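Quick notes on the structure that follows.
Order of the sequence lines fixes the chain letters, A, B, ..., with proteins taken first and strands second; residue numbering starts at 1 for each chain. This one's a predicted model, so the numbers in the text were calculated from it and none came from an experiment. Hydrogens, waters and symmetry mates are skipped; everything else that's a heavy atom, side chains included, is used.
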Number of protein chains: 2
Amino acid sequence: MRRCCDMKGFLSFQVLRLIGNKPMSGEELRCELEKRRGSKPSPGTIYPVLKSLAENGWIKTRDSGKEKKYQLTLAGRKELNDATGRFISIFCDMGEDFKRAK
Amino acid sequence: MRRCCDMKGFLSFQVLRLIGNKPMSGEELRCELEKRRGSKPSPGTIYPVLKSLAENGWIKTRDSGKEKKYQLTLAGRKELNDATGRFISIFCDMGEDFKRAK
DNA sequence: CCACCAATATCGGTTATCCGATAAGAAAAC
DNA sequence: GTTTTCTTATCGGATAACCGATATTGGTGG
């Protein structure tokens with residue numbers, strides 16, 4: 001199975017994290033991402049990412065009324081853990097910065 | 001002035017961080033990066049990054065014998081701080097993961 | 001039913017990141 | 001002075017992240 005984000009770009013990883021926290025719709029994701037990045041990813045950005053994550057078997061959709069909620073699969077949960085590990089390993093020396101930012 | 005890594009790819013940012021910690025040669029950088037990423041960036045990767053950082057005025061070279069040491073400029077120090085801020089803002093919810101990783 | 005509207009999806013194209021292969025430079029070994 | 005070796009540098013190309021514009025879908029209100 002291919003690896004999620006070889007850490008080349010953050011979006012897939014971030015989406016995985018957000019969804020892992022709580023199932024969300026595409027629009028909710030866009031809003032959450034805007035808070036963090038400053039700019040809201042366009043629909044043409046977020047939906048291909050979701051599609052790709054789904055094709056990898058890491059997320060699935062649950063229709064809840066009008067919106068469509070995306071949530072992690074079991075494999076997605078595992079992939080998120082792995083990816084977080086890789087991320088920490090790459091940025092291991094940023095712990096202090098995060099602490100300082102409280 | 002253009003911004004270092006809009007957070008699209010980590011290499012420039014990482015290099016800036018490493019050099020900010022201690023002036024390093026290209027080869028030292030490659031070794032340090034290998035420790036964190038698992039794979040060593042090729043010369044064809046690292047030197048263009050260094051060139052680009054230099055062109056932006058964020059690093060300068062200091063010849064010290066046989067190797068060439070790269071170090072931050074004042075503007076580079078500022079850019080590193082800014083970039084770190086952006087990074088933290090994007091990944092604000094990863095503080096716990098870093099703590100857990102001790 | 002029909003017109004709207006928000007959410008989802010697709011497409012083409014731009015840009016940047018990264019790599020492999022290869023060259024150039026400079027010190028050291030001989 | 002020539003060869004070796006290590007570091008630095010360049011070039012072309014592949015990949016993928018991202019965006020703007022545009023369609024499509026499915027409830028909702030009239």
Side-chain angles (χ1 to χ4, degrees), chain A residues 2-19 23-34 36-56 58-71 83 86-87 90-91, chain B residues 2-19 23-34 36-56 58-71 83 86-87 90-91:
Chain A
R2 257 183 71 242
R3 279 171 49 183
C4 149
C5 56
D6 309 286
M7 296 291 112
K8 305 181 184 173
F10 312 73
L11 246 198
S12 304
F13 178 55
Q14 268 198 285
V15 167
L16 223 49
R17 282 189 66 83
L18 288 172
I19 291 180
M24 295 175 83
S25 70
E27 287 306 306
E28 286 178 291
L29 279 170
R30 291 182 63 215
C31 292
E32 279 303 314
L33 288 167
E34 183 180 25
R36 291 165 171 75
R37 311 193 318 165
S39 70
K40 183 184 285 195
S42 83
T45 297
I46 200 71
Y47 291 104
V49 165
L50 288 168
K51 183 183 182 187
S52 155
L53 291 175
E55 282 171 353
N56 277 295
W58 294 326
I59 66 175
K60 60 186 171 186
T61 64
R62 170 167 54 100
D63 278 51
S64 71
K66 137 163 125 183
E67 281 176 342
K68 196 185 268 191
K69 296 275 192 183
Y70 301 86
Q71 58 184 315
R86 292 198 295 274
F87 187 93
I90 292 176
F91 292 105
Chain B
R2 255 184 74 241
R3 280 170 49 185
C4 148
C5 59
D6 311 285
M7 296 292 111
K8 306 181 183 174
F10 309 73
L11 247 198
S12 303
F13 178 55
Q14 268 198 286
V15 167
L16 223 48
R17 282 189 66 84
L18 288 172
I19 292 179
M24 296 174 82
S25 70
E27 287 306 305
E28 286 178 291
L29 279 169
R30 291 182 65 215
C31 293
E32 279 302 316
L33 288 167
E34 183 180 24
R36 291 164 171 75
R37 311 192 320 167
S39 71
K40 183 184 284 196
S42 82
T45 297
I46 200 70
Y47 291 104
V49 166
L50 288 168
K51 183 183 181 188
S52 155
L53 290 175
E55 282 170 354
N56 277 294
W58 294 326
I59 66 175
K60 60 187 172 187
T61 65
R62 170 168 53 101
D63 278 51
S64 70
K66 139 162 124 180
E67 283 177 341
K68 197 185 268 191
K69 296 273 192 184
Y70 300 86
Q71 57 184 317
R86 292 198 296 275
F87 187 93
I90 291 175
F91 292 105

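Taking side-chain N and O atoms only, B/K68 has a distance below 4.0 Å to OP1 or OP2 of D/dA9. At D/dA9, none of the side-chain N or O atoms of B/K51 fall inside 4.0 Å of OP1 or OP2 (strictly under the cut-off). Checking the phosphate oxygens (OP1, OP2) of C/dC19, a side-chain nitrogen or oxygen of B/T45 falls inside 4.0 Å.
Atom C1' of nucleotide D/dT8 and atom NZ of B/K69 are separated by 14 Å, given to the nearest angstrom. If you take NZ of B/K40 and P of C/dG20, they are 13 Å apart, rounded to a whole angstrom. The distance from atom CD of B/E67 to atom C1' of D/dC6 is 9 Å, rounded to the nearest whole Å. Separating the CZ atom of A/R30 from the P atom of D/dC18 is a distance of 14 Å, rounded to the nearest angstrom. Spacing between atom CD1 of A/I46 and atom P of D/dC19 amounts to 9 Å, rounded to whole angstrom units. For A/I90 and C/dT17, the CD1 to P distance is 15 Å, given to the nearest whole Å. B/Y47 has its OH atom 19 Å from the P atom of C/dT22, to the nearest Å. For the pair B/F10 CZ and C/dC19 C1', the computed distance is 17 Å after rounding to whole Å.
Atoms CG and CZ, from A/L18 and A/R30 in turn, are 14.0 Å apart once rounded to the nearest 0.5 Å. Rounding to the nearest 0.5 angstrom, the gap separating the CE atom in A/M24 from the CD atom in A/E27 is 10.5 Å.
Here C/dC18 is the nucleotide among D/dA9, C/dT8, C/dC18 with the atom lying nearest to any side-chain atom of B/L11. Ranking C/dT10, C/dC19, D/dT8 by closeness to the B/R37 side chain, first place goes to C/dC19. In the set C/dC19, C/dT8, D/dC19, D/dC19 carries the atom at the smallest distance from any side-chain atom of A/P41. Closest approach to the A/P48 side chain among D/dT8, C/dA9, C/dT10 is made by C/dT10 (side chain taken as heavy atoms from C-beta onward). Proximity note for B/S42 (side chain, C-beta onward) versus C/dA9, D/dT7, C/dC19: the nearest is C/dC19.
With salt bridges taken as basic N to acidic carboxylate O contacts below 4.0 Å, one links B/E32 and B/R36.
B/L33 has its side chain within reach of B/I46: a pair of non-hydrogen atoms, C-beta onward, lies under 4.5 Å apart.
Taking the six-membered ring for Trp and the full ring otherwise, the centers of A/F10 and B/F91 sit less than 6.0 Å from each other.
Within the 4.0 angstrom heavy-atom criterion, base atoms lie near A/G44.
In this structure, the side-chain contact (heavy atoms from CB on, under 4.5 Å) partners of A/K51, at least two apart in sequence or on a different chain, are A/E55.
For the pairing with B/S12, the side-chain contact (heavy atoms from CB on, under 4.5 Å) check across B/L53, B/N56, B/L50 returns one residue only, B/L53.
Across the helix from C/dC1-D/dG30 to C/dC30-D/dG1, the helix axis at one end is tilted relative to the axis at the other end by 10° (nearest 10 degrees, each axis from five pairs).
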